[in-house]
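Remarks on the structure that follows.
In what follows, residues are counted from 1 in the order of the sequence shown. Excluded from the calculations below are hydrogen atoms, water molecules and symmetry mates; all remaining heavy atoms, backbone and side chain alike, are included. Every number for a ligand or one of its atoms is a count from 1 in the order of the listing.
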Amino acid sequence: MSTATALARPGQVLADLLPASRVRDAALVVGGAALTGLAAQLAVPVPGSPVPVTGQTFAALLVGTTLGARRGVFALALYALAGLAGLPWFAAGGSGLTVSFGYVLGMLLAAVAVGSLARRGADRSTWRTAGTMLLGEAIIYAVGVPYLALAADMSLSAAVAAGLTPFLIGDAVKAALAMGVLPTAWKLVKR
Ligand SMILES: O=C(O)CCCC[C@@H]1SC[C@@H]2NC(=O)N[C@@H]21
């Protein structure tokens with residue numbers, strides 16, 4: 001049995017393969033928040049919508065699955081709180097209580113869900129990763145779209161048209177990317 005095989009045990013997430021320490025966990029939390037903030041700067045405006053296409057869903061779901069629920073929720077909470085406090089790392093350099101802040105809250109909850117599932121092995125095969133990403137994205141929209149309706153004073157159907165429909169193809173692409181990246185990472189560490 002190789003060292004990597006011995007390391008990759010059931011009940012672990014990818015981050016657990018790094019040597020355990022508080023410094024590791026703190027660095028992972030800060031790194032997860034920073035990765036999400038960087039991905040938020042990959043922002044493409046959507047005509048007729050106040051919400052842009054961003055890299056955040058991919059980053060946040062990756063943070064949740066690789067760090068696990070506890071560190072994942074700390075990373076996304078740090079991201080949300082620092083952005084609320086004025087750090088310009090929400091979508092396209094935004095900060096504060098924007099109309100799209102509900103998606104950030106959704107990412108926080110999604111990180112808990114996908115992190116818990118990843119600990120049960122749900123990021124180790126392509127199709128299980130697909131289900132995990134689908135659930136995470138559903139949670140992000142379940143919070144983000146009603147929040148958008150309230151914050152932008154839209155009807156729920158207008159919020160669905162502006163805050164969900166335009167993103168479905170892009171989010172499917174990001175999920176497909178995760179379906180490649182996560183199981184491949186596990187294969188590499190088990191090699
Ligand atoms: O203001 C923010 O920082 C949050 C932006 C949220 C963008 C949402 S997340 C789900 C959907 N998919 C995207 O690519 N963009 C929107």
Side-chain angles (χ1 to χ4, degrees), residues 29-67 69 72-115 117 123 129-182:
V29 166
V30 173
L35 179 74
T36 311
L38 271 179
Q41 309 318 309
L42 295 173
V44 180
V46 175
S49 171
V51 185
V53 172
T54 72
Q56 276 158 305
T57 46
F58 178 68
L61 296 178
L62 207 65
V63 166
T65 44
T66 56
L67 269 57
V73 79
F74 279 130
L76 270 298
L78 174 63
Y79 176 64
L81 289 173
L84 273 181
L87 192 65
W89 66 359
F90 287 163
S95 64
L97 210 50
T98 64
V99 292
S100 50
F101 183 68
Y103 296 97
V104 176
L105 289 178
M107 287 172 209
L108 216 147
L109 297 180
V112 177
V114 299
L117 288 173
D123 60 341
T129 304
T132 306
M133 294 297 119
L134 200 67
L135 175 72
E137 288 183 354
I139 294 171
I140 294 171
Y141 286 110
V143 182
V145 172
Y147 186 101
L148 176 66
L150 285 173
D153 199 19
M154 292 176 176
S155 67
L156 195 56
S157 59
V160 167
L164 189 155
T165 317
F167 304 105
L168 291 178
I169 293 177
D171 282 352
V173 171
K174 291 174 229 166
L177 201 59
M179 285 160 68
V181 168
L182 291 168

Check: Tyr103 side chain, Gly163 main-chain N or O, donor-acceptor pair, under 3.5 Å: yes
Ligand-side contact atoms (ligand 1) for residue partner Thr98, heavy atom cut-off under 4.0 Å: 1 (O)
Leu148 and Pro50, any side-chain heavy atoms less than 4.5 Å apart: yes
Thr57: numbered ligand 1 atoms lying under 4.0 Å from its heavy atoms: 9 (S), 10 (C)
Nearest neighbour in protein (non-hydrogen) for atom 11 (C) of ligand 1: Tyr141 OH, 3.3 Å
Donor-acceptor pair between Asp171 and Thr57 side chains, under 3.5 angstrom: yes
Pairs involving residues 76-98, ordered by first then second residue, that meet ring-ring contact (aromatic ring centres under 6.0 Å, His included) (sequence neighbours left out): Tyr79-Trp89, Tyr79-Phe90, Phe90-Phe101
Ala91: numbered ligand 1 atoms lying under 4.0 Å from its heavy atoms: 1 (O), 2 (C), 3 (O), 5 (C)
Atom 5 (C) of ligand 1: nearest protein contact (heavy atom, Å): Gln56 OE1, 3.3 Å
Ligand-residue contact atoms, ligand 1 with Pro52, heavy atoms, under 4.0 Å: 7 (C), 13 (C), 15 (N), 16 (C)
Atom 4 (C) of ligand 1: the protein heavy-atom neighbour that sits closest, reported with distance to 0.1 Å: Ser100 O, 3.5 Å
Ile169, CD1 atom: more than 12 neighbouring heavy atoms under 6.0 Å: no
Pairwise side-chain contact, Leu61 with Ile140, heavy-atom cut-off 4.5 Å (strictly under): yes
Heavy atom of Phe101, distance to ligand 1 below 4.0 Å: no
Ligand 1 contact on Phe90 by region, counting heavy-atom pairs under 4.0 Å: both
N/O donor-acceptor pair under 3.5 Å between Thr36 side chain and Gly32 backbone: yes
Polar proximity ligand 1 side, Tyr103 side, N/O cut 3.5 Å exclusive: no
Least distance between heavy atoms, Ala92 atom then Gln41 atom: C-OE1, 3.5 Å
Sub-4.0 Å heavy-atom contact, Lys174 with ligand 1: yes
Sub-4.0 Å atoms of ligand 1 with respect to non-hydrogen atoms of Val51: 7 (C), 8 (C), 16 (C)
